[in-house]
Number of protein chains: 2
Amino acid sequence: MAKKKAESGTTDDLCTEHHHHGKTAKILLLAETEAQRMGEFFAVLSDPTRLRLMSLLAGDECCVCDLAERLDMTESAISHQLRSLRAGRLVSYRKEGRQVFYRLHDHHVLELYQTVREHLAE
Amino acid sequence: MAKKKAESGTTDDLCTEHHHHGKTAKILLLAETEAQRMGEFFAVLSDPTRLRLMSLLAGDECCVCDLAERLDMTESAISHQLRSLRAGRLVSYRKEGRQVFYRLHDHHVLELYQTVREHLAE
DNA sequence: CAAATATCTGAGCGTATGTTCATATATTCA
DNA sequence: TGAATATATGAACATACGCTCAGATATTTG
């Protein structure tokens, strides 16, 4: 059954009781807004093209046209993806003449990338 | 410019040369198939509902109807999402009578979840 | 067995997303 | 200044995805 919600009054049962005594607690239901933010973060990492870009930038900074050549994709597509990576604060950039050199934002990002890559390599 | 591809023959230049001497190396262009797999992994983590489910399971195992009640969503929606989490090997489950109790697959998953959550809490 | 409970599943709908294409902006160079 | 280079951007299109709804299993209970 289960129409949509019943809300029988007892909101706390079974899985919730250990929140009262603070022991294994502090692992609480993620708030909607926080879940949203966290989801957006992972969403940036959920695209193969963006991950490949990050794998290139993990080595050294690189300009857009080189990235495009390496991935054999149009510079437009790459530019769009770098925009997402920028918005997600996963990369930084520096302008030099007409070129723009991108790099991973910080070591935090590199570590996350490598951790997951190794995790999946099993 | 940039039509689509030029492939001037030199596939390795600039960012790639430090792969020869193994030092900062081992950071190579992610292959398409590997990028795909890695992307799918992050994609599972990119949905707010799935993250909230994981936040509940981080505390203790829980059955579907309780999860649905806690998130105030239909059991159908939750079941669909648990299916994704199962496919991504992020959760395991155990059947007991007509109930199915889900839990995080391993500590690896919990650590990743907590690491990112803290990272975004800054 | 029939009714109730717990979960799963497929189709369908609305929305989000990645790429292409055309174009805009900015910088270098002749 | 005008042509060429490097990057960014918006519209459009095709695909992917989350939720709902209806219904299918499966298990317990009367």
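Being a predicted model, the structure only gives us computed values, none of them experimental. Letters A, B, ... are given to chains in the order of the sequence lines, protein chains preceding strands, and every chain is numbered from 1. Computed from heavy atoms alone, side chains included, the values below leave out hydrogens, waters and symmetry copies.
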Just the atom pairs and distances: protein N or O near nucleotides 10-17 of chain D's N or O, under 3.5 Å.
residue	atom	partner	partner atom	Å
D/dG10	O6	A/His80	NE2	2.8

Minimum-distance nucleotide to [X] side chain [options: [options]]:
| X | options | value |
| --- | --- | --- |
| A/Met73 | C/dT9, D/dC19, C/dT19 | C/dT19 |
| A/Cys65 | D/dA8, C/dT7, D/dT7 | D/dT7 |
| B/Val64 | D/dT7, C/dT19, C/dC8 | C/dC8 |

Please, which pairs that meet salt bridge (Lys or Arg N to Asp or Glu O under 4.0 Å) have at least one residue in residues 93-104 of chain A, sequence neighbours excluded? A/Glu61-A/Arg94, A/Arg94-A/Glu96
Holding to side chain to side chain donor-acceptor pair (under 3.5 Å), I want the full list of residues that pass it with A/Arg50, two or more places apart in sequence or in another chain.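 Applying side chain to side chain donor-acceptor pair (under 3.5 Å) to A/Arg50 gives A/Gln81.
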Partner set under side chain to side chain donor-acceptor pair (under 3.5 Å) for B/Thr115, not counting sequence neighbours: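 Once residues adjacent in sequence are excluded, B/Thr115 has no partner under the side chain to side chain donor-acceptor pair (under 3.5 Å) criterion.
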Give every donor-acceptor pair under 3.5 Å between a side-chain atom in residues 32-40 of chain A and any protein atom, sequence neighbours left out.
residue	atom	partner	partner atom	Å
A/Glu34	OE2	B/Arg117	NE	3.3
A/Arg37	NH2	B/Leu120	O	2.7

Round to the nearest Å and state the distance from [X] atom [atom1] to [N] atom [atom2].
| X | N | atom1 | atom2 | result |
| --- | --- | --- | --- | --- |
| A/Lys95 | D/dA8 | NZ | P | 7 Å |
| A/Glu75 | C/dA22 | CD | C1' | 15 Å |
| A/Asp72 | C/dT20 | CG | C1' | 15 Å |

Please set out all donor-acceptor pairs under 3.5 angstrom arising from side-chain atoms of residues 82-89 of chain B, sequence neighbours excluded.
residue	atom	partner	partner atom	Å
B/Arg86	NH1	B/Tyr102	OH	2.9

Please list, chain by chain and in numerical order, all residues satisfying ring-ring contact (aromatic ring centres under 6.0 Å, His included) with A/His108, sequence neighbours excluded.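 Checked A/His108 against ring-ring contact (aromatic ring centres under 6.0 Å, His included); matches are B/His119.
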Under 4.0 Å from OP1 or OP2 of C/dT19: is there any side-chain N or O of A/Thr49 that close?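 So the side-chain polar atoms of A/Thr49 do come within 4.0 Å of the phosphate oxygens OP1 or OP2 of C/dT19, strictly under.
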Look at B/Arg86 and C/dT9 and indicate whether a side-chain polar atom (N or O) is within less than 4.0 Å of OP1 or OP2. yes
Sorted by chain and residue number, the side chain to side chain contact (heavy atoms under 4.5 Å, CB included) partners of A/Glu111 (sequence neighbours excluded) come out as A/His107
Looking for any heavy atom pair under 4.0 Å, which part of the strands does A/Tyr93 touch: base, sugar-phosphate only, or nothing?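 Nothing, no heavy atom under 4.0 Å.
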Can you check whether B/Glu69's main-chain N or O pairs, donor with acceptor, with B/Asp66's side chain at less than 3.5 Å? no
N/O to N/O distances under 3.5 Å, protein versus nucleotides 23-29 of chain C:
none

